[in-house]
Amino acid sequence: MSLHLESVCPIPEQTRQVARAAFPNGSLCLRIADELGGIFRDEQFAKLFPRRGQPAEAPARLALVLLFQFAEDLSDRRAANAVRARIDWKYALGLELTDPGFDSTVLSEFRTRLVQGSAEQILFETLLEQCRERKLLTGRHRQRTDSTHVLGVIRALNRLECVGETMRHALNVLSVAAPAWLLEHSRAEWMDRYGSRVEDYRLPKSAAERQAHAQQIGVDGYALLDGMDAEAAPSWLRQLPAIETLRRIWVQQYYRSDSAVRWRSDAEGLPPAAQFISSPYDPEARYAKKRSTSWVGYKVHLTETCAAGQPHLITHVETTSAPIADGDVTEPIHAALKQKDLLPSVHLVDAGYVAAPSLVAVQRDYGVDLVGPTRADYQWQAKEAQGFEASCFDLNWEKQEATCPEGRTSVSWTPAKDGSHRDVIKIKFASADCGACLSQSRCTHSARPRRMLTIRPQEQQLALQMARRRETSQQFAEDYAARAGIEGTISQGVRAFGLRRARYVGQAKAHLQHVLTAAAINLVRLAAWFAEELPSKTRTSRFVALLQSSSG
């Protein structure tokens, strides 16, 4: 399909008259068209289309259709029908009432072009640019960020189900790609073993039988892989994505010696969650657990403005693998906001995004005040509030020594790395000083009385101490209360826009979904803003209102 550039056409008069008669009070599509126009231009998508071929549907219209589709949480088929049948959509798209629209597969093809061309941000950032031009969005105001889990468009599998489904998936792909080769190399018992979907209730029940079944699947998989590695096998078979997934999962789930194929256990070592493939149907979806919630899929981080007198608009979307911690995306979020010239002056986040390195880096590199509760000190001295916690020690950074509350001075000050490979300083006191100290029970419970401290490098430690002092103030509580609004945005995304369930396979397409969802949320909020439908205050229950009125 080739792109034939079209100029922005006015709304046909007949479409305008009918839409105005049908929607005398306006609608989302009408308000967006009247206030923002067509939003997109065909030239923005020129690099995604070849110069020759049949004419493609105008990408500027398709981009707007995608925003309307996600604003109403429609499937491709229903969105294509809306273009064909709905007057308000025809008005916003500038189409004649008799326009027949297009087939629903056009939307899927257009999304594929966006992902392959890394052009998904065009849809989101063009809308933000329109808001900037109308002074509805400016940088250096407060913003807030939070994340939520996203379920992959797959079935959650245990390890035995995963290897069985991986083998079944590979056989089904080969049945289409190389049926003759597969008939030569398959075994008769494979039809019973992999003919139907692998589900746990059909698998053996005892531990010994499950172990034997797992090893048999491993033998079958290696037999298939060995056949492909033979010189007589076509080389392109090894390049099929399903076969590459089979090979990767077998490395993770089995280890192979000269004598046998063995099912991996914790003793032999399993890969961490960030690398562990949980399903052959989406090799990028990962398992994660946060408190009582566990899922296989991804995680999305939304950042939005929260300035008074302006619509609250999402300014950045970050999609990560599920096990990635919130703190690992703190700096990437600010780097992206800087590139858009949308850095806030104050950034409200929860404790997951606040770490000593981030406090320093965000302030130093971006001039942003990162506001949020710091992680608590989990040492028993701090938890019991009766011992000498780290903040009770005086640190002399020039002399590289610490002084305890009883006046003893440390004997060593050693740079080191913690379990996450971050820079720390380990401080030790003399056993003789700690053993003779009257406050020993408030300082250490060690059988060998010797206090040891682990602190951050100077800049990070001071920033952490300052943040912890600030979060005890009333001003912090008042400022931080505004962060709760981002939870409302995530709730809106989940309940009205299907944010928590992936529509597509793979992280790149999941990110496209999140970008489109964020743009659709912005579109809905802008339409409400243009109609002067301002957000209402949080509802008060009748019981609370009754008590408040009686106490007043």
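As the structure is a computational prediction, the values presented were derived from the model and not from experiment.
When the shell of 6.0 Å around CZ of Arg264 is examined, it contains more than 12 heavy atoms from other residues, nucleotides or ligands. Counting non-hydrogen atoms of other residues, nucleotides and ligands closer than 6.0 Å to CZ of Arg422 gives a total above 12. Around atom CD of Gln339, no more than 12 heavy atoms belonging to other residues, nucleotides or ligands sit under 6.0 Å away. The 12-atom threshold is not exceeded at CZ of Arg501, counting heavy atoms of other residues, nucleotides or ligands nearer than 6.0 Å. Heavy atoms of other residues, nucleotides or ligands lying less than 6.0 angstrom from NZ of Lys340 number more than 12. The local environment of CZ in Arg84 is crowded, with over 12 non-hydrogen atoms from other residues, nucleotides or ligands closer than 6.0 Å. Heavy atoms of other residues, nucleotides or ligands lying less than 6.0 angstrom from CD of Gln14 number 12 at most.
In this model, a donor atom of one side chain and an acceptor atom of the other lie less than 3.5 Å apart for Arg500 and Thr148. A donor atom on one side chain and an acceptor atom on the other are found under 3.5 Å apart for Ser265 and Glu268. Side chain to side chain, Ser27 and Arg86 fail the donor-acceptor criterion of an N or O pair below 3.5 Å.
Ionic pairing of Arg210 and Asp200 is present here: one or more N-O contacts between side-chain nitrogen and carboxylate oxygen are shorter than 4.0 angstrom. For Asp328 and Lys299, the salt-bridge test fails: no basic side-chain N is under 4.0 Å from an acidic carboxylate O. Residues Arg132 and Asp341 are paired through a salt bridge, judged by an N-O separation under 4.0 Å between the basic side chain and the carboxylate. With salt bridges taken as basic N to acidic carboxylate O contacts below 4.0 Å, one links Glu304 and Arg144. Taking a cutoff of 4.0 Å between a charged side-chain nitrogen and a carboxylate oxygen, Lys509 and Asp282 do not qualify as a salt bridge. Comment: Arg61 does not engage Asp99 in a salt bridge, judged by the lack of any side-chain N to carboxylate O separation of less than 4.0 angstrom. Using a 4.0 Å cut-off between charged side-chain N and carboxylate O, Arg155 and Glu161 make a salt bridge.
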Under the side-chain contact (heavy atoms from CB on, under 4.5 Å) criterion, do His301 and Ile324 qualify, and how do the steps go?
CA-CA 11 Å; His301 305 257; Ile324 300 299; 5.9 Å; no
Begin with the C-alpha distance, continue with both residues' side-chain angles, and end with the deciding distance and a verdict on side-chain contact (heavy atoms from CB on, under 4.5 Å) for His334 and Asp365.
CA-CA 9 Å; His334 289 90; Asp365 299 338; over 6 Å; no
List the steps, then state whether side-chain contact (heavy atoms from CB on, under 4.5 Å) holds for Thr145 with Val329.
CA-CA 11 Å; Thr145 295; Val329 300; over 6 Å; no
Test Ile32 against Ile39 for side-chain contact (heavy atoms from CB on, under 4.5 Å), laying out the working first.
CA-CA 9 Å; Ile32 292 301; Ile39 302 181; 3.9 Å; yes
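Expressed to the nearest 0.5 Å, how far CD1 of Ile521 lies from OG1 of Thr517 amounts to 6.5 Å. Here the OG1-CG distance, from Thr112 to Leu107, works out to 10.5 Å after rounding to the nearest 0.5 Å. A distance of 15.0 Å separates NE2 in His149 from OH in Tyr298, rounded to the nearest 0.5 Å. Rounding to the nearest 0.5 angstrom, the gap separating the CH2 atom in Trp181 from the OG atom in Ser175 is 11.0 Å. Atom CZ of residue Arg31 and atom CG of residue Asp88 lie 11.0 Å apart, to the nearest 0.5 angstrom. Annotation: the span from Glu318 atom CD to Ile333 atom CD1 amounts to 6.0 Å, rounded to 0.5 Å.
Nearest heavy-atom pair across Ala177 and Trp236 is O-CH2, 3.4 Å. Summarising the geometry of Leu114 relative to Leu48, their closest heavy-atom pair is CD2-CD1, 3.8 Å, with the distance given to 0.1 Å. Here the shortest heavy-atom pairing between Asp76 and Ser104 reads O-CB, 3.6 Å. When every heavy atom of Leu224 is checked against every heavy atom of Ala170, the shortest pair comes out as CD2-CB, 4.4 Å. Closest heavy-atom contact between Gly498 and Gln513: O-NE2, 3.5 Å. Of all heavy-atom pairs spanning Trp250 and Gly218, the tightest one is NE1-O, 3.1 Å.
Judged by distance alone, the side chain of Lys90 and the main-chain N or O of Val83 form a donor-acceptor pair under 3.5 Å. Put simply, the side chain of Lys205 gets close to the backbone of Tyr201: a donor and an acceptor are under 3.5 Å apart. Although no hydrogens or angles enter the test, the distance criterion places a donor-acceptor pair under 3.5 Å between the side chain of Tyr254 and the main chain of Ala214. Remark: side-chain polar atoms of Asp326 are not paired, donor with acceptor, to backbone N or O of Tyr353 under 3.5 angstrom. In this structure, the side chain of Glu165 does not engage the main chain of Leu157 through any donor-acceptor pair within 3.5 Å. Looking at Glu209, its side chain never comes within 3.5 Å of a backbone N or O of Pro204 through a donor-acceptor pair. No donor-acceptor pair closer than 3.5 Å links the side chain of His421 to the backbone N or O of Lys417. In terms of modelled atom types and a separation under 3.5 Å, the side chain of Thr303 and the main chain of Thr315 share no donor-acceptor contact.
Applying side chain to side chain contact (heavy atoms under 4.5 Å, CB included) to Tyr222 and the options Val261, Leu246, Asp229 leaves one that passes, Val261. Shown are Pro323, Pro272, Ser279; of these, the side chain to side chain contact (heavy atoms under 4.5 Å, CB included) with Arg286 is made only by Pro323.
Side-chain contact between Val494 and Ile490: present, with at least one pair of heavy atoms (C-beta onward) separated by less than 4.5 Å. Inter-residue side-chain proximity for Ser358 and Val354 is flagged as unmet; no heavy-atom pair is nearer than 4.5 Å. Side-chain atoms of Arg291 and Thr293, non-hydrogen and from C-beta on, never get closer than 4.5 Å to each other. Between His511 and Glu120, the closest side-chain pair of non-hydrogen atoms falls below 4.5 Å. Between Leu174 and Leu237, some side-chain heavy-atom pair lies under the 4.5 Å cut-off. Side-chain contact between Val349 and His347 is present, with heavy atoms from C-beta onward closer than 4.5 Å. Contact annotation: the side chain of Leu337 approaches that of Pro344 to within less than 4.5 Å [non-hydrogen atoms, C-beta and beyond]. Taking 4.5 Å as the limit, every side-chain heavy atom of Ile277 sits out of range of all side-chain heavy atoms of Thr166.
Remark: Arg159 qualifies as a cation-pi partner of Trp263 under the 6.0 Å distance and 45° angle criteria applied to the six-membered ring. Annotation: cation-pi pair Arg503/Phe70 present, NZ/CZ under 6.0 Å from the ring centroid and within 45° of its normal.
Aromatic ring centroids of Phe110 and Phe45 lie under 6.0 Å apart.
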